[in-house]
Amino acid sequence: MSTPSSNAPLHGKTAIITGSNSGIGLGVAHELAKAGASIVLNSFTDREEDHKLAADMAAQHGVEVRYIKADMSKGEDCRNLIEAAGGCDILVNNAGIQYVAGIDEFPTEKWDAIIAINLSSAFHTIAAALPHMRKRGWGRIVNVASAHGLTASPYKSAYVAAKHGVLGLTKTVALETAEEPITCNAICPGYVLTPLVESQIPDTMKKYNMDRDTVIREILLERQPSKEFATVEEVGGTAVFLCSTSAKQITGTSISIDGGWTAI
Ligand code: NAD
């Protein structure tokens, strides 16, 4: 076990990361824990393995880690998560789902779920977390958007709309908190190999009759000029940077981690 010293940069801060029992959220939680923050992990499940994940992370980094179940598709659950945690200094809105279909075939319930989990949850958690941040006199809000917050792809109407919405929300919250010691920013990853991306591979292989490596290189990373996936550690490291003193004047913006995708 490594124990962050009391002068670790985020010692004394509590971070809530939504949708953090897997993928990017889990990676961000590890990086924030490494920097000394106490962590609140979240998802909509309440399994033994969720609580074990928290216990293992606490042991690994020597910080307090709790797991709190809350369904980010429900506004009340989003707000209850913040209250159950006793508020936070750092809020990372990361929970997200994906569904791929043409607009004329897009199931309404999938549209509603994507907008609720990928966009509206951030509205609810930010609204609930801000009063706590104001009381604490410090706050960092980091919204995990996407390259799809800046650019579109066909068949991802709900996801693209939600992620563009997250960037609009980020700018608005930044302006509303501009004179306070609170910042609100977004991170826009390109493709990161996580369960969300992994789950798109089999269908894409079938659709294009391609093997896995060809799907990764020619379909998934087609628009990512570096031809490399970004990593969850890189997204986490960027979140830690946005929580640092150097990033004090960075608010209302987005940082792309997309191997040049949005430079084109
Ligand atoms: P993932 O499927 O590995 O993780 C998603 C997380 O959200 C999981 O922890 C899951 O349990 C949680 N979640 C899903 N529905 C939830 C709900 N109703 N309530 C609470 N939690 C819920 O996916 P990921 O790739 O790690 O994605 C995380 C975020 O990063 C998403 O917002 C996604 O849009 C964004 N993102 C991912 C990529 C990528 O390439 N993987 C790229 C850009 C942006």
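Read the numbers this way: they start at 1 and go in the same order the structure lists the ligands and their atoms.
- Using a 4.0 Å cut-off to heavy atoms of V197, the atoms of ligand 1 that qualify are 39 (C), 40 (O), 41 (N).
- Aromatic rings of H148 and W261 (six-membered ring for Trp) have centroids within the 6.0 Å cut-off, being under it.
- Below 3.5 Å of separation, one finds an N or O of M72 facing an N or O of ligand 1.
- Looking at S121, its side chain never comes within 3.5 Å of a backbone N or O of N118 through a donor-acceptor pair.
- Here S199 has no heavy atoms under 4.0 Å from ligand 1, in either its backbone or its side chain.
- T18 contributes no side-chain N or O that, together with a main-chain N or O of N93, makes up a donor-acceptor pair within less than 3.5 Å.
- For the pair N185 (side chain) and I255 (backbone), a donor-acceptor distance under 3.5 Å is absent.
- Atom-to-atom distance recorded for L220:CG and E198:CD is 9.5 Å, nearest 0.5 angstrom.
- Listed by atom number, the atoms of ligand 1 under 4.0 Å from A95 heavy atoms are 7 (O), 21 (N), 32 (O).
- The protein heavy atom nearest to atom 5 (C) of ligand 1 is G96 O, 3.7 Å.
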From CA spacing to verdict: salt bridge (Lys or Arg N to Asp or Glu O under 4.0 Å), E31, K34: CA-CA 5 Å; E31 295 305 312; K34 232 186 262 173; 3.1 Å; yes
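- Atoms of ligand 1 found under 4.0 Å from any heavy atom of Y159 (numbered from 1 in listed order, with element): 33 (C), 34 (O), 35 (C), 36 (N), 43 (C), 44 (C).
- Which parts of ligand 1 touch Y191 is read off a 4.0 Å heavy-atom cut-off, strictly below it: atoms 40 (O).
- If you check which protein heavy atom lies closest to atom 42 (C) of ligand 1, you get G190 O, 2.9 Å.
- Checking side-chain atoms of T231 against main-chain N and O of E234 turns up a donor-acceptor pair under 3.5 Å.
- Only backbone heavy atoms of A70 (N, CA, C or O) come within less than 4.0 Å of ligand 1; its side chain stays farther off.
- Protein heavy atom nearest atom 1 (P) of ligand 1, with residue, atom name and distance: S22 OG, 3.6 Å.
- Not a single heavy atom of A147 sits less than 4.0 Å from an atom of ligand 1.
- Heavy-atom neighbours of E83 CD from other residues, nucleotides or ligands within 6.0 Å: above the threshold of 12.
- Looking from atom 12 (C) of ligand 1 to the surrounding protein, the closest heavy atom is G19 CA, 3.5 Å.
- Of all the atoms in ligand 1, the ones that sit under 4.0 Å from a non-hydrogen atom of N94 are 28 (C), 29 (C), 30 (O), 31 (C), 32 (O).
- Atom 40 (O) of ligand 1 has V192 N, 2.7 Å as its closest protein atom, hydrogens excluded (heavy atom only).
- When hydrophobic clusters are built by joining Ile, Leu, Val, Met, Phe, Trp and Tyr residues whose side-chain heavy atoms come closer than 4.5 Å, directly or via intermediates, I17 is grouped together with V192.
- Counting non-hydrogen atoms of other residues, nucleotides and ligands closer than 6.0 Å to NZ of K227 gives a total above 12.
- Residue contacts with ligand 1, taken as heavy atom pairs separated by less than 4.0 Å, involve A145 solely via the backbone atoms N, CA, C and O.
- A heavy-atom separation below 4.0 Å is not found between A116 and ligand 1.
- Which parts of ligand 1 touch I117 is read off a 4.0 Å heavy-atom cut-off, strictly below it: atoms 18 (N).
- Remark: ligand 1 atoms within the under-4.0 Å shell around heavy atoms of N21 are 8 (C), 9 (O), 10 (C), 11 (O).
- The hydrophobic clustering, which links ILVMFWY residues whose side-chain heavy atoms are closer than 4.5 Å, places L91 and L242 apart.
- Contact atoms of ligand 1 toward G23: 3 (O), 26 (O) (distance under 4.0 Å to a heavy atom of the residue).
- Note: Y99 and Y159 fail the aromatic proximity criterion, with ring centroids not under 6.0 Å apart.
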F241 and S246: CA distance, side-chain angles, deciding distance, side-chain contact (heavy atoms from CB on, under 4.5 Å) verdict: CA-CA 8 Å; F241 165 68; S246 310; 4.0 Å; yes
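- Taking distance alone, with nitrogen or oxygen atoms compared against 3.5 Å, S146 stays at or beyond that limit from ligand 1.
- S43 OG, 2.7 Å is the protein heavy atom nearest to atom 11 (O) of ligand 1.
- Atom 16 (C) of ligand 1 has as its closest protein heavy atom F44 CD2, 3.3 Å.
- With a heavy-atom cut-off of 4.0 Å, H148 does not touch ligand 1 at all.
- Of the protein's non-hydrogen atoms, L196 CB, 3.1 Å is the one closest to atom 23 (O) of ligand 1.
- Between atom OG1 of residue T238 and atom CD1 of residue I257 there is a gap of 3.0 Å, rounded to the nearest 0.5 Å.
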